Every structure is written in structure tokens, then in C-alpha cells.
Amino acid sequence: MQTEYLKTLVVLGQVGSFSKTATDLSITQSAVSQRIKFLEDYYGRQLVDRGGKVLLLTDAGKLVVNRAEQILLLEAQLANDLKQQGEKLRLSICCTPTFGVAFLPQVMERFMLREADSVDLRFMFHSLDQTIKELQENEFDLAVIEHCDEIDVCGFHTVELPRDELVFVSSPSLGLKESEVELERLFQHCLIARKPDCTSRKLLDVNLSRHGHKVEDFKRVVIVDDLRLALETVLSGGGVSFVSRSLATRELESGQLVEHSVSGFEHLRRRSVIINAERKDDQEVVSFLECISASFPVGCVC
């Protein structure tokens with residue numbers, strides 16, 4: 001028996017009319033009548049009470065519809081399973097630049113070793129505001145962000161990561177050797193800064209304001225949008241910068257850069273993974289989160 005006949009009975013039970021059933025299924029009214037008659041002959045029971053203005057299912061008809069709905073659901077699941085067989089799952093990711101530069105390469109390496117044969121990836125770098133906007137517009141399945149304030153992501157699943165530590169960095173050639181330095185010493189140098197809408201810049205502005213200062217108090221301010229270029233400029237002795245420590249770990253450990261903190265400054269910002277709630281339990285999402293977790297060193301700031 002073709003399952004279209006069972007579907008016809010299910011729809012008829014919902015709408016109570018041969019003509020409406022025909023319209024909903026895009027077939028003729030005669031075809032509807034023939035299918036119902038076939039089912040009644042096949043099961044040897046009257047399935048539809050034709051005595052009133054509205055057609056009603058008999059008790060036998062209700063039983064058949066109940067089982068038919070289960071059969072149709074299984075058929076749909078089978079069709080979907082066959083469609084997906086051999087097709088790769090898709091995972092769309094967005095992140096703010098700091099995570100993208102400092103952690104994403106090693107996260108991707110781990111993830112591709114696990115899931116390269118089963119998942120197609122799409123990922124983008126965006127500012128915090130753009131990331132949140134596109135996540136809410138369902139452009140991405142998940143996003144990794146650094147932020148200073150609470151983020152309004154109602155309806156999404158959030159996973160907190162170790163916090164991001166921001167420090168001033170300088171080249172040894174500038175002569176700033178102290179781990180804790182006075183602002184006045186920093187003001188004597190050029191500031192290599194991010195754009196005002198970046199969270200590292202926002203945190204710097206807030207910190208300076210609390211101390212009665214602003215970025216213009218530095219000897220000079222150079223805005224550099226590219227994180228690696230900003231770091232290269234500092235490495236060459238071009239000034240100081242307030243950046244995520246994770247971006248300069250290698251240079252700090254090798255002595256190419258020196259890090260500085262300022263008393264009274266807030267040096268930490270939050271880092272979170274925001275996930276489309278409908279996908280939070282998907283295997284590829286869980287796997288990606290495990291790869292993120294494995295990329296943070298033991299003892300990382302929480």
C-alpha cells in the first residue's frame with residue numbers, strides 16, 4: 001500500500017471534507033474518494049462516517065489515523081536519513097579578532113583532525129557588535145566573543161571560558177622594565193591603539209577615565225585595526241599597546257616584549273561562547289567546544 005493513501009485519510013480526518021482534502025493535497029476530489037474506498041476495502045472496516053455535513057472518522061478510522069501518523073513520521077525520518085547519508089554537516093562560526101588570532105588556528109587544527117570528513121566549516125572574524133547582530137539573525141551557529149559588559153543573548157546557550165587578561169606591552173628598547181608601571185611613564189610614548197568600538201579599546205578608555213585621563217594624554221596615538229600589525233609595530237619599538245596577553249605570549253616568553261600592568265586598572269574581560277540553543281547538543285558543536293577547552297593552558301585565568 002502506498003503511504004499517500006494513509007496521508008489522505010489523515011488529512012481528511014483533520015479537515016472533514018473531500019474537497020478540502022483534495023485542495024490540500026493538490027489532487028482531485030475523485031482521487032480522494034477512491035483512496036478512502038481503497039483503505040476501507042483493504043481493512044474491511046468503515047473508516048469515515050459520511051452521514052453528516054462534516055465527515056468524521058469512525059473509531060476504526062481514528063485507530064488507522066493514529067498508526068498512520070506514526071508510519072508517516074518514520075517515512076519522513078527515513079527520507080531525511082537517506083538525504084543526509086554521505087552529506088557533511090555544516091557548522092558556521094564567528095569570533096571576535098583576539099580569539100580568532102590567538103586561539104582559532106589551534107582549535108581548528110584539533111577540530112579538523114576529529115571532524116574533517118563529516119563537517120563543512122564556515123567562519124568569520126567580526127567586531128563584537130557585528131558578531132552579536134549576525135548571531136541573532138541566525139547567520140552563525142555559534143560565536144566566541146570577548147566582552148566587558150553583560151551581553152543580551154536571550155534564547156541562546158552560553159558557555160563561559162577563562163577570562164582574557166589585557167596588559168600593556170612594549171619593546172625592551174623603550175626602557176620600560178617594570179612589571180607595574182605608572183601611567184605617566186606610559187604617556188611618554190606613542191600608543192598603538194585599536195578602534196574605539198573594540199572591547200580592548202573600550203576597557204582602556206574606561207580605565208583611563210577612572211584615573212582622570214584619556215588616550216590623548218599619550219605622546220601620540222596611532223590607530224591600527226590589524227592585531228598582528230599592531231604587535232609588529234610594538235616589536236619594532238614604535239610604542240606601547242594595551243592588548244590581550246594571549247596575543248603576545250610567544251614574544252613575552254622570548255623576551256622580545258615586556259608586559260606592564262597599571263595599579264587600579266581592570267585588566268580582565270570576559271570571554272564566552274554563544275550558541276544557537278537548537279544546536280547546543282549537536283555532536284559537532286560539542287566537539288568544537290571540547291577543542292576550544294583543550295586550547296587553553298592549565299591555570300589560565302578564570
Side-chain angles (χ1 to χ4, degrees), residues 93-111 123-131 143-148 160-174 176 178-181 186 189-208 215 218 221-262 265-273 291-302:
I93 302 160
C94 187
C95 63
T96 43
T98 297
F99 181 85
V101 172
F103 293 100
L104 189 59
Q106 53 189 303
V107 172
M108 293 297 297
E109 182 180 1
R110 287 188 172 93
F111 185 76
F123 58 89
M124 298 286 291
F125 289 5
H126 279 318
S127 67
L128 174 62
D129 292 342
Q130 185 69 16
T131 296
V144 187
I145 59 172
E146 291 94 9
H147 55 108
C148 301
E160 293 298 326
L161 297 177
R163 295 198 175 195
D164 185 32
E165 182 181 14
L166 290 96
V167 294
F168 283 99
V169 292
S170 70
S171 168
S173 64
L174 295 187
L176 295 170
E178 303 91 344
S179 59
E180 185 172 305
V181 66
L186 294 173
H189 300 279
C190 174
L191 174 69
I192 312 301
R194 300 293 309 285
K195 295 188 299 183
D197 62 342
C198 297
T199 55
S200 60
R201 172 63 183 277
K202 289 179 179 178
L203 184 57
L204 175 59
D205 288 339
V206 168
N207 279 320
L208 290 172
V215 294
F218 285 85
V221 178
V222 176
I223 305 298
V224 179
D225 192 36
D226 184 280
L227 286 170
R228 299 310 304 183
L229 178 58
L231 204 59
E232 290 294 331
T233 304
V234 177
L235 280 166
S236 67
V240 300
S241 189
F242 189 62
V243 299
S244 168
R245 195 183 191 285
S246 61
L247 289 171
T249 300
R250 183 171 51 192
E251 291 80 4
L252 290 169
E253 290 177 349
S254 67
Q256 293 175 276
L257 290 176
V258 182
E259 69 174 276
H260 315 282
S261 63
V262 174
F265 259 46
E266 174 56 63
H267 284 272
L268 298 178
R269 62 180 171 179
R270 297 174 64 180
R271 181 181 278 133
S272 308
V273 185
C291 292
I292 291 177
S293 179
S295 297
F296 284 95
V298 176
C300 191
V301 176
C302 295

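Model, not experiment: these values are computed from the prediction.
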State, to 0.1 Å, how close [X] and [Y] come at their nearest heavy-atom pair, and which atoms those are.
X    : Y    : result
A294 : R110 : O-NH2, 3.4 Å
S241 : V234 : CB-CG2, 3.7 Å
V258 : L252 : C-CD2, 3.7 Å
L174 : G237 : CD2-O, 3.7 Å

Residues which pass salt bridge (charged side-chain N to carboxylate O under 4.0 Å, His left out) with [X], listed by chain and number, not counting sequence neighbours:
X    : result
E178 : R185
D197 : none
E253 : none

Side chain to side chain donor-acceptor pair (under 3.5 Å) partners of [X], counting only residues at least two apart:
X    : answer
E259 : R245
E266 : none
T131 : none
S127 : none

With side chain to side chain contact (heavy atoms under 4.5 Å, CB included) as the test, would you mind laying out the steps for L227 and V243 before giving the verdict? CA-CA 9 Å; L227 286 170; V243 299; 5.6 Å; no
Name all residues meeting the side-chain contact (heavy atoms from CB on, under 4.5 Å) criterion together with C198; count only those two or more places apart in sequence or in a different chain, and write none if there are none. R194, K195, S200, R201
Mind checking what makes side-chain contact (heavy atoms from CB on, under 4.5 Å) contact with S272, not counting sequence neighbours? I145, H147, T158, E160, I274
Polar side-chain atom of T233 near backbone of G238 as donor-acceptor pair, under 3.5 Å: no
Could you tell me whether the side chain of H267 and the main chain of V262 form a donor-acceptor pair under 3.5 Å? yes
Distance check, rounded to the nearest 0.5 Å: [X] atom [atom1] versus [Y] atom [atom2]?
X    : Y    : atom1 : atom2 : result
S295 : L161 : OG    : CG    : 10.0 Å
L166 : S261 : CG    : OG    : 12.5 Å
I292 : M108 : CD1   : CE    : 10.5 Å

Tell me, which pairs form a salt bridge (charged side-chain N to carboxylate O under 4.0 Å, His left out) where one or both residues lie in residues 228-238, sequence neighbours left out? R228-E251
Go through the structure and list residues passing ring-ring contact (aromatic ring centres under 6.0 Å, His included) with F123, not counting sequence neighbours. none
Compare all side-chain heavy atoms of L186 with those of L176 and state whether any distance is below 4.5 angstrom. yes
Taking the inter-plane angle between the rings of F242 and F265 on a 0 to 90° scale, is it parallel (under 30°), tilted (30 to 60°) or perpendicular (over 60°)? perpendicular
Using the side chain to side chain contact (heavy atoms under 4.5 Å, CB included) definition, which of the options L235, L257, V240 pairs with S170? V240
Apply side chain to side chain contact (heavy atoms under 4.5 Å, CB included) to the pair L204 and F168, showing each step before the final yes or no. CA-CA 10 Å; L204 175 59; F168 283 99; 3.7 Å; yes
Exercise answer: donor-acceptor pairs, residues 94-104 side-chain atoms, under 3.5 Å, sequence neighbours excluded:
{"unit_1": "T96", "atom_1": "OG1", "unit_2": "V144", "atom_2": "O", "d": "3.4"}
{"unit_1": "T96", "atom_1": "OG1", "unit_2": "E146", "atom_2": "N", "d": "3.2"}
{"unit_1": "T96", "atom_1": "OG1", "unit_2": "E146", "atom_2": "OE1", "d": "2.4"}
{"unit_1": "T98", "atom_1": "OG1", "unit_2": "R269", "atom_2": "NH2", "d": "3.1"}

